[in-house]
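For clarity, every value in this text was computed on a predicted model and none was experimentally measured. Letters A, B, ... are given to chains in the order of the sequence lines, protein chains preceding strands, and every chain is numbered from 1.
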Protein chains: 2
Amino acid sequence: MRLSSRGEYGVRAMLHLALNYNEGYISLSRIAAAEDISQQYLEQIFANLRRGGLIRSNRGVKGGYTLASPPQSIYVGDIIRVLDGPITPVECVSEEGDEPDCRCGKSDNCLARNLWMKLRDHINQLLDEISLQDMLKWKN
Amino acid sequence: MRLSSRGEYGVRAMLHLALNYNEGYISLSRIAAAEDISQQYLEQIFANLRRGGLIRSNRGVKGGYTLASPPQSIYVGDIIRVLDGPITPVECVSEEGDEPDCRCGKSDNCLARNLWMKLRDHINQLLDEISLQDMLKWKN
DNA sequence: TAATAACATACTAATTTACTCTGGATTTAA
DNA sequence: TTAAATCCAGAGTAAATTAGTATGTTATTA
């Protein structure tokens, strides 16, 4: 049940953008240095975040990245799903739709499947109710 | 945020033991066949479950495995922790104790860390309140 | 003593992860 | 107009993890 480093780094970087939301565009090199993350790796992560519509970019000198919407309307769940795909404990309950491809065969009446769905929903619910703004408020 | 196949298989196998709790010792070959899991792989999983005190075994003909305690007192969290170790989204908040070894450096006042702890606790709370007995009741 | 079944451990192939490497495109400012 | 800064794109890769196999031993029962 571990998060990928992409997800972890992505949340940290987005938090950095939220923290500096009023400063406009922030260069990736600054973020990478501040968060101690490989710059090239972070570039890949930001490419995904941008394609996912969570951040905006400007090229060239004075360019950089900024949040696509204010911190109060970006949720952790959005970030992780963009970077890692659906948040689910097992492939079998990955989609909200009901056409499972379980390795257990018995797609109907699979007791374990009920558990995985509960767990999936439980995790997503939490991550979808915590915004970047909420996290900023945790600051001491 | 995926569960390992060990965790998935382990829960399914334990559920199988719960379903047949009154029959006494069940052979691993029976479980492997019923659940369509590699028998040798399942042996490794059962070794861990046994060392973790969740199941009991008998050797020889008529031998097999049975739950170490009744289905109502074995929780999914126990099973997964025995098989996969601490349930945590990032290594940094793996222990309940407060000596973090974060890759982010700033172990104090790390906003992301607060999130990971919340997520860790949220997941563990759910998995620690669902027993095998609870899952049996989901049967239709 | 033969069959059955748990127990133990080493090995391995495939996949995934977490990056690095290389080069190009765009913008700003001197 | 040129140099520097910056984003952008995609291929490659080493290490770790995962999901198993393979082989053999020990214990129990009929």
Out of D:dC8, C:dC21, D:dG20, minimum distance to the side chain of B:S5 belongs to D:dG20
What's the closest nucleotide to the B:S38 side chain, out of D:dC7, D:dG20, C:dC19? D:dG20
Any idea how A:Y41 and A:Y9 line up, ring-wise: parallel (<30°), tilted (30 to 60°), or perpendicular (>60°)? perpendicular
Which part of the nucleic acid, if any, lies within reach of A:Y25 when heavy atoms closer than 4.0 Å are counted: base, sugar-phosphate only, or nothing? nothing
Distance in Å, A:C110 SG paired with B:L15 CG, rounded so as to fall on 0.5 Å steps: 8.0 Å
Of B:G60 and A:K62, the one whose nearest nucleotide on DNA chain C sits closer to the 5' end is B:G60
Rounded to the nearest angstrom, tell me the gap between atom CG in A:L3 and atom P in C:dT17. 11 Å
CG (A:L115) and CD1 (B:I130) are apart, to the nearest 0.5 Å, by 5.0 Å
Presence of B:S57 side-chain N/O under 4.0 Å of C:dC7 phosphate oxygens OP1/OP2: yes
Just how far, in rounded Å, is C1' of C:dT4 from CD1 of B:I26? 16 Å
CG of A:L28 versus P of D:dC7: gap in Å, rounded? 5 Å
Roughly, in whole Å, what's the span from CZ in B:R30 to C1' in C:dA5? 14 Å
In whole Å, what is the span from the CD atom of A:E8 to the P atom of C:dT17? 14 Å
So, do B:K139 and A:L111 sit near enough that their side-chain heavy atoms are less than 4.5 Å apart? yes
Using only heavy-atom distances, decide whether a donor-acceptor pair under 3.5 angstrom links the side-chain of A:Q40 to the base of C:dC19. no
Which is true for A:R51 with a 4.0 Å heavy-atom rule: it touches a base, it touches only sugar-phosphate, or it touches nothing? sugar-phosphate
In the structure I gave you, are the side-chain heavy atoms of B:E35 and B:L42 within less than 4.5 Å of one another anywhere? no
Find the distance A:R6:CZ to C:dT16:P and express it as a whole number of Å. 12 Å
Please give, in whole Å, the distance from C:dA6 P to B:I55 CD1? 10 Å
Checking C:dT20, C:dA5, D:dA5 against the side chain of A:Q44 (C-beta onward), the nearest is C:dT20
How do B:Y41 and B:N58 order along DNA chain D: which one's closest nucleotide is nearer the 5' end? B:Y41
B:R50, nearest nucleotide to its side chain (from C:dA5, C:dT26, C:dC7): C:dC7
Heavy atoms from C-beta onward define the side chain here; which of D:dT26, C:dT26, C:dA18 lies closest to that of A:R59? C:dT26
Taking only the side-chain heavy atoms of B:Y65 (C-beta and beyond), determine which of D:dA9, D:dC7, C:dA6 contains the nearest atom. C:dA6
Between C:dA8, C:dC19, C:dA5, which nucleotide has the shortest distance from any of its atoms to the side chain of A:Y9? C:dC19
Exactly one of B:L67, B:L19, B:V82 should register a side chain to side chain contact (heavy atoms under 4.5 Å, CB included) with B:M14. Which one does? B:L67
Between D:dC8 atom P and A:R56 atom CZ, what is the distance in whole Å? 13 Å
